[in-house]
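Please read the structure below before turning to the comments.
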2 protein chains.
Amino acid sequence: MDGKIVNLKSKIEIYKAMTDGANFADCPVRDVMQGMNGKWSPLLVTALAEKPYRFGELRRLVPDISQRMLTQTLHELQRDGYVHREVFPTKPPSVEYSLTDLGRSMFVPLYQLVQWAELNHDAVREARAAFDAAQA
Amino acid sequence: MDGKIVNLKSKIEIYKAMTDGANFADCPVRDVMQGMNGKWSPLLVTALAEKPYRFGELRRLVPDISQRMLTQTLHELQRDGYVHREVFPTKPPSVEYSLTDLGRSMFVPLYQLVQWAELNHDAVREARAAFDAAQA
DNA sequence: CCGTATCCGTCATGATACTG
DNA sequence: CAGTATCATGACGGATACGG
């Protein structure tokens, strides 16, 4: 299915990484994962990976996001250090959003996952159809 | 920050992949992405990437998941074709969950993302602290 | 143009109790 | 052991209106 093999040791290591922390509940890895997990975050990061965009441009680029969620998601991405926000004192003011180095770094594995989804969404949809058919 | 470079053309291509579909709202790529995006899905897939587990074993392995969410998340992962569920007719019955080929394939890029989170969660937490400090 | 504030409905999640 | 059913709640997300 895929040529790459992840050896057993790595798998155990990475599972442990998702369960470390003061207590199980606040594992830093899962905490950080949540920040790139929202409904709009992956899409906006992917858009900004191409080039910087202004607020209104993003709004037009992603027509089915509400202004509220665009503001909020960009704010969260900025807080996590993935996105840089720069205000230009024009009249009326314009605001440009761009990926930081950290954001570009995070986009590398995110990109891999999106690419997997693009290549395999047919298989997933078929699996869903088969599963739903078996229920009936 | 990271040696790997994703060229511009690929970025544009992959953004388009996230916006294709009959209409913008039901893009198959984002649809599939949602299925691996939940609060518990990445953790369970990572656990099962190590080896198959029974229901009760997963429950003990992930102490802060409720029985309801464990059932539901495994059900969704099974429906999407990532997880295989096998019932053994013992008394009382035992049920084993394991990754399918599709699930193992999906774990490859997921693993990359988790690994990134492990390596960079300090940077993210520092970014959050700096952002929150700047607010005050 | 770029937000913020408010209201409100829906969905995700958890606690608890019960079953084959 | 491996679930299902039911209920409660808080987070998420959209629509609308207003402000700098």
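What you are looking at is a predicted structure, and each value in this text was computed from that prediction instead of being measured. The figures here come from the full heavy-atom set of this structure, side chains too, leaving out hydrogens, waters and symmetry mates. Within every chain, numbering begins at 1; the chains are lettered A, B, ... in the order of the sequence lines, protein sequences first and strands thereafter.
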With [X], which residues qualify under side chain to side chain donor-acceptor pair (under 3.5 Å), at least two apart?
X	value
Arg85(B)	Tyr97(B)
Gln115(A)	Tyr111(A)
Arg68(A)	none

Difference in axis direction between the ends of the helix from dC1(C)-dG20(D) to dG20(C)-dC1(D), five pairs, 10° =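 Here the local axes at opposite ends form an angle of 50°.
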Which residues pass the side-chain contact (heavy atoms from CB on, under 4.5 Å) test with Ser41(A), sequence neighbours left out?
->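 Ser41(A): side-chain contact (heavy atoms from CB on, under 4.5 Å) contacts with Thr73(A), Leu77(A).
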Contact list for residues 117-136 of chain B, test ring-ring contact (aromatic ring centres under 6.0 Å, His included), sequence neighbours left out |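 Sorted pair list: His75(A)-Phe131(B).
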Walking along DNA chain D from 5' to 3', note the first and the last nucleotide with an atom under 4.0 Å from a heavy atom of chain A, and give both.
->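 Here the contact window of chain A covers dG13(D) to dA15(D).
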CZ of Arg30(B) to CE of Met18(B): how many Å apart, nearest 0.5 Å?
->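 Atom-to-atom, Arg30(B):CZ and Met18(B):CE are 7.0 Å apart.
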Remember a base hit wins even if backbone is also touched, and classify [X] as base, sugar-phosphate or nothing at under 4.0 Å, heavy atoms.
X	value
Arg59(A)	nothing
Thr71(A)	base
Tyr97(B)	sugar-phosphate

Within residues 74-87 of chain B: residues closer than 4.0 Å to DNA chain C (heavy atoms) =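 DNA chain C contact set from residues 74-87 of chain B: none.
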Rounded interatomic separation in angstrom, taking CG from Asn37(B) and P from dC11(C) |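 Result: 18 Å.
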Between atom CG in Leu70(A) and atom C1' in dT4(C), what is the gap in whole Å?
->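 These atoms are roughly 14 Å apart.
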Among pairs that include at least one residue of residues 32-46 of chain A, which meet salt bridge (Lys or Arg N to Asp or Glu O under 4.0 Å), considering only residues two or more places apart or in two chains?
->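 Non-adjacent pairs meeting salt bridge (Lys or Arg N to Asp or Glu O under 4.0 Å): zero.
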Not counting sequence neighbours, list each pair that qualifies as a salt bridge (Lys or Arg N to Asp or Glu O under 4.0 Å) and has a residue in residues 103-118 of chain B.
->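 Residue pairs with at least one partner in residues 103-118 of chain B: Asp101(B)-Arg104(B).
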Among all residues two or more places apart in sequence or in another chain, which pass the salt bridge (Lys or Arg N to Asp or Glu O under 4.0 Å) test with Arg125(A)?
->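 Checked Arg125(A) against salt bridge (Lys or Arg N to Asp or Glu O under 4.0 Å); matches are Asp31(B).
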Does the side chain to side chain contact (heavy atoms under 4.5 Å, CB included) test come out yes or no for Asp132(A) and Arg79(B), once each step is laid out?
-> CA-CA 8 Å; Asp132(A) 293 348; Arg79(B) 179 170 182 266; 2.7 Å; yes
How would nucleotides 12-20 of chain C be written as a contact map, 5' to 3', with B for base contact, S for sugar-phosphate-only contact and - for no contact, using protein heavy atoms under 4.0 Å?
-> -BBB-----
I would like to know whether Arg128(A) and Asp80(B) meet side chain to side chain contact (heavy atoms under 4.5 Å, CB included); could you show each step before the answer?
-> CA-CA 5 Å; Arg128(A) 285 178 188 168; Asp80(B) 282 5; 2.7 Å; yes
Any chance you could lay out the side chain to side chain contact (heavy atoms under 4.5 Å, CB included) test for Val32(A) and Asn120(B), step after step, and finish with the verdict?
-> CA-CA 9 Å; Val32(A) 167; Asn120(B) 295 280; over 6 Å; no
Applying side chain to side chain contact (heavy atoms under 4.5 Å, CB included), run through Val62(B) and Leu70(B) and close with a yes or a no.
-> CA-CA 9 Å; Val62(B) 187; Leu70(B) 180 55; over 6 Å; no
